[in-house]
Amino acid sequence: MAGTTAEILDITNPQRARAVAVSPIIGPHGGSVGLVVVELSAAGLIQEVRLLWYVSIAIFLVGLVVSVVASNLASRWVTRPIEELLRGVDEIARGNLRARVLSQSRNELGALGYAFNLMAKSLEASKAKNDEQQALLRELHRTGSQVASTLELPRMLETASRGLRAICGGEEAFAGAMGPRDTSVRQWSRSGPGRLDIEGWDTPVTLLEEVLRGDTRLLARNEFAAAGLPMLLDRPGDYALAAPLRVSDQTLGVLIALGSRSQFHPEGISLAALFARQVSAAVGNARLFEQVRAVDRSKSEFLSIASHEVRTPLTVMKSSLDILVSSPKFEYTADQRQLIAFCQESVERLIRLVKDILDVSKIEAGVLSIQFQPTSLNDLIEKCLFWVPQLPGGQGIEVEARLPSEPAMVLADPQRIMQVLENLIANAIKFSKPGGKVTIELKGHDREYEVIVSDQGKGIAPDDLIRIFGKFYQVADSATREQGGTGLGLAICKGIVEAHHGKIWAESALGDGSRFHFDLARVMDAPIGDRAEGVISVDSLLSSLRTASARAARIE
Ligand code: ADP
């Protein structure tokens, strides 16, 4: 035996189980001289081992339970609040400012959750305020543009009173303005529930200026009378937000919102001041517009009266000259005849000018009389072609009309549409080169007929093209000066076509001729007659006219 050995025997039977330990006894010379054998009953030992085993299992189980409970508690106190915070942050990041976290713990994480909720609440409140301010700014912009979109003062004041109420939220709102020569605000508009007679409201501007001193102010009830607003004492509302309408240090009117003190917060007051500035500019524009309109009206009236006065003596001169030329009682030398012809030509030009000026005045005053009746554009164009050769330069130009077979029926004043056609054709001939060609086309579209007068003349530069329909506009070149004219023809054409609810426009480029178009709504139920489609030339029309008059002469 090299050393001590021990063994438990009969371990399966705790009654008989023994523990045996054997150890050699070593003699002085190193050899084994005997054995020590110790044998013990192992029952107690086994019981102790079992006990130890049970105790270890119990400790393990208790440890397991403790660790589960501990991990639960840890998740409850640490992980869950952190997850909850993360969820809250995520919701806020996605724009849900109503997100809140559940924070029950009393530790630092609980405090963090509480702080998070406070932050989210104040974010939500400031977002709501921001939204409200944005909505007010949008309203300010919308109403401001609406106010500026009209130059009619009553409509402007109505929009302004509605806008002020939407911006300030008062019970009632008023917008008042004064006329150019007024010393008090007399023209009022109101927005609010129910009806109110504001006829006769009169606020002296001096009182208003004394109290407001050019600023937007919140007036208490006891200041209403001093500001020239005693009529507001009968209205509900203890406070009046008053914003003066001013342009260049001149008061033009006032905006007033009535309500309780709490209704008017500082932002509302600043917005009202801003709104008043927009309305002031618009009221200023409306006043200027009214002044321009008044000047224009008196100019048109003057032109109309002057033209009437000039027309009578001109007509007398014309008929006298005609008599002088045609009467066999008078005899003239060639020079005298030429002088009379010059006079006749000048008188005719003056009569045309007066007629044009009268037409323009009527168009501008909106009193151009239009006698609507079913009219065939084909007939009008054909009639026009008869006098083409009489136009200055008309003989050297080929004029051609392309008309559809069916009559192009429109509801129009034939005299006025003839005037348009004559003007466009005369211009086309006037600005054509000798030997050029003028074409008149008539096209049918779904809802309208279009007339196109084209020439192969010098054309019109883009800068002039956008101006030629204006009054007295003539292209500044020698060719135009040579031709003479008043610069009123196209303005009159535009006025006439627009009075027919039609459209007139021109296409041209320098050196490329010009095309003048106008369209008129078609009469859908107009009778459709048969007519030969094709090209009608002036010559063919003249010859048919000659044949017709010759036949008439034979009959006579
Ligand atoms: P007017 O012919 O009496 O001058 P209009 O109003 O009829 O007045 O025409 C205005 C100007 O437009 C003319 O002076 C001319 O410069 C230009 N214009 C009009 N029609 C034509 C055309 N067919 N070709 C070139 N220029 C034209």
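Both ligands and their constituent atoms are indexed starting at 1 by order of listing. Because the structure is predicted, anything quoted here is derived from the model rather than measured.
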I'd like to know if the side chain of [X] and the backbone of [Y] have a donor-acceptor N/O pair within less than 3.5 Å.
X: S327; Y: K329; answer: yes
X: R515; Y: I452; answer: no
X: D519; Y: K503; answer: yes

*Salt-bridge contact K355-E348 (side-chain N to carboxylate O under 4.0 Å)*: no
*NZ/NE/NH1/NH2 to OD/OE distance under 4.0 Å, E498 and K494*: yes
Could you list which atoms of ligand 1 come closer than 4.0 Å to a heavy atom of [X]?
X: G489; answer: 5 (P), 6 (O), 7 (O), 8 (O)
X: K430; answer: 1 (P), 2 (O), 3 (O)
X: N423; answer: 7 (O)
X: I468; answer: 12 (O)

*Report the member of F431, F472, Y473 with the shortest heavy-atom distance to atom 22 (C) of ligand 1.*
F431
*Within less than 4.0 angstrom of ligand 1, does F516 place any heavy atom?*
yes
*G487 near ligand 1, heavy-atom distance under 4.0 Å?*
yes
*How does D455 reach ligand 1, if at all, at less than 4.0 Å between non-hydrogen atoms: by side chain, backbone, both, or neither?*
side chain
_Taking 4.0 Å as the limit for heavy-atom contacts, which would you say applies to V475 with ligand 1: side chain only, backbone only, both, or neither?_
both
*Short N/O distance, under 3.5 Å, between L490 and ligand 1?*
yes
*K458, any N or O under 3.5 Å of ligand 1 N or O*: no
*Which atom pair, heavy atoms only, marks the closest approach of S184 to D202?*
OG-OD1, 2.7 Å
*Is the number of heavy atoms from other residues, nucleotides or ligands under 6.0 Å of R155 CZ greater than 12?*
no
*Do the ring planes of F174 and W188 sit parallel (below 30°), tilted (30 to 60°) or perpendicular (above 60°)?*
perpendicular
